[in-house]
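The structure under discussion appears below in the form of structure tokens.
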Amino acid sequence: MSGDSAQSGIAVDALNEPQSDAVAQADGPVIVFAGAGSGKTRVITYRIANLVATHRVPPYRLLGVTFTNKAAQEMKHRLERILGEGMARELWIGTFHAVCVRLIRRYHEQMGLNRNFVIYDDSDQKAVMTRVLKELKIDERRYAPKKVLARIQREKQEARGPDELSIDGYFDEIAKRCFEAYQRHLKAANAADFSDLLLHVLHLAEDQKSEAGAHLRSRFSHVLVDEFQDVNQVQYRLVRALAGEGRNICVVGDDDQSIYRWRGADVRNIRGFTRDFPDAKLIKLEQNYRSSGHVVSAALGVIRCATDRQPKELWTNNPDGEPVKVVHTANERDEAAHVVGQVRALIATGISPREIAVFYRVHAQSRVLEEVMRGQDVPYQIIGGHKFFDRAEVKDLLAYLRVIVNPQSDVDLVRIINKPARRIGARTIEHLAATALTEGCSLYAAIGPLCASTRIGAATKRHLRTFGELLGGFMRAAETASPRDLAEEVLEESGYGRWLKGQDNAEADARLDNLQELLGSIQEYEEDQSYADEEPTVADFLTRVSLAADADNLADVPRVPMMTVHAAKGLEFDHVFLTGLEEGLFPVRGQQAGEEEELEEERRLAYVAITRARHQLTITHTHTRMIYGQVRYNEPSRFLGDLPARDQERLVTEALRDVSRSVSSSQSSPPWRELIRAGSPQRSQAPTPPPPRPPGERYVERDPDGEDNTFGDGGDLDQGAIRAGTKVRHTKFGLGVIRQLDEGLDPAATVTFSGWGVKRIKVRYLKPA
DNA sequence: TTGCCACAAATTTTT
DNA sequence: TTTGTGGCAA
């Protein structure tokens with residue numbers, strides 16, 4: 001391709017990025033090792049822009065793949081700014097799964113899928129597997145559906161089918177039989193699981209015989225992959241195949257940040273890339289633009305000890321900043337108190353809570369931190385956790401829609417057949433399944449034959465028939481109604497809405513709200529489609545939902561983000577608190593033989609965590625920790641020993657000093673004694689002094705154990721104790737503030753909950769906070 | 001068919 | 001400690 005750069009109205013200046021010329025070359029394979037904070041995503045973005053603007057590659061022939069919707073979104077936005085909306089819209093940018101769904105849309109006939117196929121998520125997969133185990137009469141307790149499924153998914157991530165499963169022991173025999181049956185079920189249900197989405201495309205792309213395969217392979221002239229260290233075998237083969245003869249493939253990643261091996265990611269892909277593409281141009285980006293000198297140096301100290309990594313030296317021009325603080329604390333409460341105390345101090349100096357993050361290795365650690373945050377009135381937000389579309393009631397309504405669009409989907413049918421209760425219980429479903437098996441049809445199609453048989457009572461037949469007619473009616477309605485109208489009709493006619501309304505509790509109210517929100521999101525989808533001049537369909541909406549990440553609801557109030565280290569990948573913050581650096585927790589495991597690779601991954605995880613910090617990093621660890629209901633005595637994490645001495649400052653909390661004094665008098669001096677420094681500025685302590693309270697709020701002495709705080713003598717919220725502004729707690733929504741109060745026989749309040757928004761809740765469901 | 005109790009298990013998680 | 005699941009009684 002020529003370097004002709006006479007282009008039309010494109011912001012050329014934007015292309016003159018420091019790294020872009022390194023990857024400006026248009027042809028041939030390129031691999032970029034991009035260290036943490038070196039501007040990884042930028043490289044891909046500018047390469048794409050450059051290909052379009054300078055090398056005149058038609059945008060629709062460019063494929064850019066990311067791992068998360070968020071990353072894809074970000075990349076699209078950046079490219080819109082550089083290339084303009086019209087051009088950017090033509091680009092193929094998305095997650096592996098989203099891209100594959102788009103391709104399946106175009107090639108579904110060659111893949112043996114019906115247009116209206118549905119995507120089965122984890123719980124659907126588990127439901128299928130449970131069914132399979134029953135059918136094969138395999139003991140569910142000895143062979144847990146989750147275990148079998150995990151085994152199968154491991155195979156699928158390597159693009160192996162049931163026939164290629166290598167058998168080693170009895171479990172594998174079982175797994176193989178289940179695998180076959182599982183795929184059979186998916187096919188019959190006109191469904192695909194997440195791996196299938198990729199596999200369908202892969203199989204066509206690697207098919208040397210069909211014309212469609214050749215067409216698919218030549219579709220894209222350039223393929224670019226972000227976070228290449230996270231690709232699994234299937235994804236790697238997929239991008240290789242899609243790059244086709246041109247071999248214009250550019251991958252960007254950091255082997256030091258490979259933390260998803262347990263999920264099928266294979267670092268060997270990034271390390272082996274140069275084997276598959278010996279002519280690949282290798283580029284290393286080693287300058288870190290993000291973090292302070294001490295942070296970068298600390299991160300290097302940890303990662304340097306890693307065995308088997310692509311040698312590279314991260315460096316930075318940034319000032320040294322403050323050394324990393326390593327704080328030894330007495331226990332998890334002390335640790336939380338210290339972290340929250342520091343966070344408050346930072347906020348008090350005017351730093352935005354959004355720029356102060358708290359990390360932990362496992363979710364189980366978050367509870368204590370949350371309690372102390374709440375107790376000290378620090379606004380926080382847990383990142384990760386469940387998605388909106390995973391809520392039971394949302395999944396229920398979606399299951400109705402899925403059955404309507406695709407009546408072959410048995411798991412969806414089972415999900416809703418008795419919701420609301422229609423007197424169709426497990427027994428009847430078993431009969432239905434048996435009939436479906438002998439008839440070789442779906443559960444839905446088996447309703448007729450079963451009702452014609454004599455195996456079930458007349459009453460049950462009536463219930464089944466009514467249900468069948470209900471669905472039939474919906475299917476007819478689906479032909480003309482818009483998705484939103486259909487959803488509303490389902491909610492109404494199925495009795496689901498009435499069922500929820502009948503349950504007089506706050507939980508049901510919240511569920512109804514969530515369903516309203518779902519209707520809202522369908523509406524939004526319809527509007528999007530009409531804006532894009534496309535027909536909205538239920539099937540398309542369902543696909544989007546399946547591939548959607550959590551709707552990261554932008555917090556109205558700035559809050560301190562709290563998350564696992566995994567969730568932190570790709571993010572950065574001015575101040576980072578990394579908790580629980582203890583042997584047995586971080587690294588979580590890895591001391592035994594055969595777990596070396598796991599330990600390596602923990603090390604990379606620690607590296608990822610450290611490199612999230614821009615200005616300041618505080619690492620904490622505890623002497624004892626109660627986790628999973630058991631007290632553990634902890635050695636400091638081995639990773640702490642890898643931090644260079646000059647980059648860190650070791651501190652202990654007062655509470656630990658007390659512990660150490662009493663312990664050291666009776667025992668030989670423990671290794672952390674020498675960490676105690678005179679004049680350490682720790683103010684942490686076990687019973688937290690009462691935080692200052694805003695006027696107009698009653699303050700009551702807390703129970704020293706920190707259990708439920710109560711108004712006065714506790715018990716229920718009495719009328720006198722609440723008014724607008726009162727803080728309350730709800731079992732599901734957590735902490736909230738009353739906005740408005742409606743008196744009456746059964747008083748209700750409008751409450752703003754952090755993370756949940758405004759809800760109307762009966763006062764009797766609220767507890768004082 | 002539903003609801004309750006005992007018991008076990010318990011990283012990390014996107015699509 | 002919390003959460004999910006299976007068995008059993010009403």
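Predicted model, so just to flag it, every value in this text is computed and none were measured. Protein chains get the first letters and strands the later ones, always in sequence-line order, with residue 1 at the start of each.
Residue A:I429 is classed as having no contact, given no heavy-atom separation below 4.0 Å to the nucleic acid. In this structure, A:A426 reaches the sugar-phosphate backbone alone: every heavy-atom distance under 4.0 Å involves primed, P, OP1 or OP2 atoms, never a base.
What separates CH2 of A:W262 from C1' of B:dT15 is a distance of 12 Å, to the nearest Å. If you take CD of A:Q125 and P of B:dT14, they are 15 Å apart, rounded to a whole angstrom.
Here the range on DNA chain C touched by chain A, meaning any atom under 4.0 Å from one of its heavy atoms, is C:dT1 to C:dG7.
With P as the reference atom, C:dG4 and B:dT13 are 16 Å apart, rounded to whole Å.
Along DNA chain B, the nucleotide nearest to A:I424 and the one nearest to A:V565 differ in position, and the one closer to the 5' end is contacted by A:I424.
Applying the side-chain hydrogen bond (donor to acceptor under 3.5 Å, both in side chains) test to every pair with at least one member in residues 229-238 of chain A, sequence neighbours left out, gives these pairs: A:E206-A:R237, A:E227-A:Q229, A:D230-A:K569, A:Y236-A:D276.
Listed by chain and number, the residues in a ring-ring contact (aromatic ring centres under 6.0 Å, His included) with A:W262 are A:Y260, A:H566 (sequence neighbours excluded). In this structure, the side-chain contact (heavy atoms from CB on, under 4.5 Å) partners of A:N114, at least two apart in sequence or on a different chain, are A:N116, A:N190. Applying the ring-ring contact (aromatic ring centres under 6.0 Å, His included) rule to A:F220 yields the partners A:W92; only residues at least two apart in sequence or on another chain are considered. With sequence neighbours excluded, the residues satisfying ring-ring contact (aromatic ring centres under 6.0 Å, His included) with A:F67 are A:F96. Residues meeting the side-chain contact (heavy atoms from CB on, under 4.5 Å) test with A:K395, sequence neighbours left out: A:D121, A:S123, A:D124, A:D390, A:R415. Taking A:D540 as the reference, A:R105, A:R544 meet the salt bridge (Lys or Arg N to Asp or Glu O under 4.0 Å) condition, with sequence neighbours excluded.
In this structure, the aromatic ring of A:F96 is not positioned over the six-membered ring of the base of B:dT15 within 5.5 Å between centres and 30° between planes.
Annotation: side chain of A:Y107 is not in contact with side chain of A:H200 (no heavy-atom distance under 4.5 Å).
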Check: If the sugar-phosphate is the primed atoms plus P, OP1 and OP2 and the base is the rest, what is the B/S/- string for nucleotides 6-11 of chain B, using protein heavy atoms under 4.0 Å?
Finding: ----BB

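Because its glycosidic torsion is within 90° of 0, B:dT11 is reported here as syn.
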